[in-house]
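Here the structure is laid out as structure tokens; the discussion comes afterwards.
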Amino acid sequence: MNIFRLAGDMTHLASVLVLLLKIHTIKSCAGISLKTQELYALVFATRYLDIFTNYISFYNTIMKLIFLGSSFSIVWYIKRHKIVHRSYDKDQDTFRHWFIVLPCLVLALLINERFTFKEVMWTFSLYLEAVAILPQLVLLQRTRNIDNLTGQYVFLLG
């Protein structure tokens with residue numbers, strides 16, 4: 001096990017847990033960008049296409065399931081939960097996140113290790129993950145209202 005990968009996984013897991021804790025306990029997603037969450041859901045959906053075809057280890061499979069499940073559950077909470085949805089500020093979260101998806105896809109098609117579907121999607125997920133936090137940063141800059149848990153989430157995610 002690579003120590004850097006483990007450290008990256010644990011800080012990302014901590015950021016997700018902080019965010020889920022905020023959403024579940026406070027019943028609020030104020031200060032959280034739905035667009036960043038959608039990008040992360042797309043990152044993990046495209047990165048882990050091999051979840052049922054390539055077994056690497058128990059740890060690897062569990063982490064893939066946790067990241068997929070948490071990403072989509074956060075998006076669900078913000079979009080569909082009756083109480084949490086009311087706290088989402090759509091007027092402030094205006095970053096056009098789909099405009100960064102296309103350049104990442106083009107880059108993945110041009111620069112990859114092998115030109116196979118899974119490899120291109122994995123490469124796309126890497127490029128997209130590098131910029132997925134941008135809508136969150138723009139939202140925080142606009143609102144200038146950063147509560148403690150949101151600040152911890154962004155710090156751990158970075």
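Small disclaimer: the values here were computed from a predicted structure and weren't measured. Residue indices begin at 1 and follow the sequence shown.
- Cluster membership check: V75 shares its hydrophobic cluster with I78, using side-chain heavy-atom separations under 4.5 Å among Ile, Leu, Val, Met, Phe, Trp and Tyr.
- When every heavy atom of F95 is checked against every heavy atom of R142, the shortest pair comes out as N-NH1, 4.2 Å.
- Residue pairs meeting the ring-ring contact (aromatic ring centres under 6.0 Å, His included) criterion with at least one partner in residues 25-75, sequence neighbours excluded, are H12-Y40, H12-F44, H12-F67, F44-Y48, F44-F67.
- Following chains of ILVMFWY side-chain contacts shorter than 4.5 Å, one can reach L140 starting from V138, so the two form part of one hydrophobic cluster.
- Nearest heavy-atom pair across L109 and F115 is O-CE1, 3.6 Å.
- Criterion: ILVMFWY side-chain heavy atoms under 4.5 Å apart, direct or through other members. Under it, M63 and L17 are part of a common hydrophobic cluster.
- Linking Ile, Leu, Val, Met, Phe, Trp and Tyr whenever their side-chain heavy atoms come within less than 4.5 Å leaves L49 and L126 in two separate clusters.
- The two residues K90 and T94 come nearest to each other via the heavy atoms O-CG2, 3.9 Å.
- The CG atom of L42 lies 9.5 Å from the CG atom of L105; values are rounded to the nearest 0.5 Å.
- Looking at heavy atoms from C-beta onward, M121 lies in side-chain contact with F117 at the 4.5 angstrom threshold.
- Taking the salt bridge (charged side-chain N to carboxylate O under 4.0 Å, His left out) definition, one finds that K118 meets it with nothing, sequence neighbours left out.
- For T36 (side chain) and S33 (main-chain N/O), no donor-acceptor pair under 3.5 Å exists by modelled atom type.
- Between the side chain of D93 and the backbone N or O of L34, at least one donor-acceptor pair lies under 3.5 Å.
- Tested against Y77, the residues H85, H24, Q37 include a single side chain to side chain donor-acceptor pair (under 3.5 Å) partner, H24.
- In this structure, the salt bridge (charged side-chain N to carboxylate O under 4.0 Å, His left out) partners of D9, at least two apart in sequence or on a different chain, are R5.
- Annotation: the span from I74 atom CD1 to L19 atom CG amounts to 4.0 Å, rounded to 0.5 Å.
- The local environment of CD1 in I3 is sparse, with at most 12 non-hydrogen atoms from other residues, nucleotides or ligands closer than 6.0 Å.
- Between V120 and R114 there is no side-chain heavy-atom pair separated by less than 4.5 Å.
- Taken to the nearest 0.5 Å, the CD1 atom of I26 stands 9.5 Å off from the OG atom of S87.
- Once rounded to the nearest 0.5 Å, the distance linking CD1 of I66 with OG of S73 reads 11.5 Å.
- No path of Ile, Leu, Val, Met, Phe, Trp and Tyr side chains, each step under 4.5 Å between heavy atoms, connects I133 with L139, placing them in separate hydrophobic clusters.
- L110 is linked by a side chain to side chain contact (heavy atoms under 4.5 Å, CB included) to V106, counting only residues two or more places apart in sequence or in another chain.
- Counting heavy atoms from C-beta outward, I100 and L39 have side chains that approach closer than 4.5 Å.
- Under the 4.5 Å side-chain criterion, counting only non-hydrogen atoms from C-beta, T61 is not in contact with I56.
- When side chains are defined from C-beta on, V16 counts as touching L20, because their heavy atoms get closer than 4.5 Å.
- Proximity of a side-chain donor or acceptor of S71 to a complementary backbone N or O of L68 within less than 3.5 Å is not detected.
- You'll find the side chain of I111 stays beyond 4.5 Å of the side chain of T123, heavy atoms only.
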Residue pair W98, E38: steps toward the side chain to side chain contact (heavy atoms under 4.5 Å, CB included) verdict: CA-CA 10 Å; W98 296 115; E38 289 173 340; 4.1 Å; yes
Please test H97 against V101 for side chain to side chain contact (heavy atoms under 4.5 Å, CB included), starting from the C-alpha separation and ending with a verdict. CA-CA 7 Å; H97 64 311; V101 172; 5.9 Å; no
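- Residue pairs meeting the salt bridge (charged side-chain N to carboxylate O under 4.0 Å, His left out) criterion with at least one member in residues 48-71, sequence neighbours excluded: D50-K64.
- Pairs engaging residues 126-139 under the side-chain hydrogen bond (donor to acceptor under 3.5 Å, both in side chains) rule: R47-E129 [sequence neighbours left out].
- Judged purely by atom type and a 3.5 angstrom limit, T46 has no side-chain atom pairing as donor or acceptor with the backbone of W122.
- Across all non-hydrogen atoms, the minimal contact from H81 to K27 is CE1-CD, 4.2 Å.
- Proximity of a side-chain donor or acceptor of N60 to a complementary backbone N or O of S57 within less than 3.5 Å is not detected.
- For the residue pair R86/S28, the side-chain donor-acceptor check at 3.5 Å is not satisfied.
- Note that CG of L102 is 9.0 Å distant from SG of C104, once rounded to the nearest 0.5 Å.
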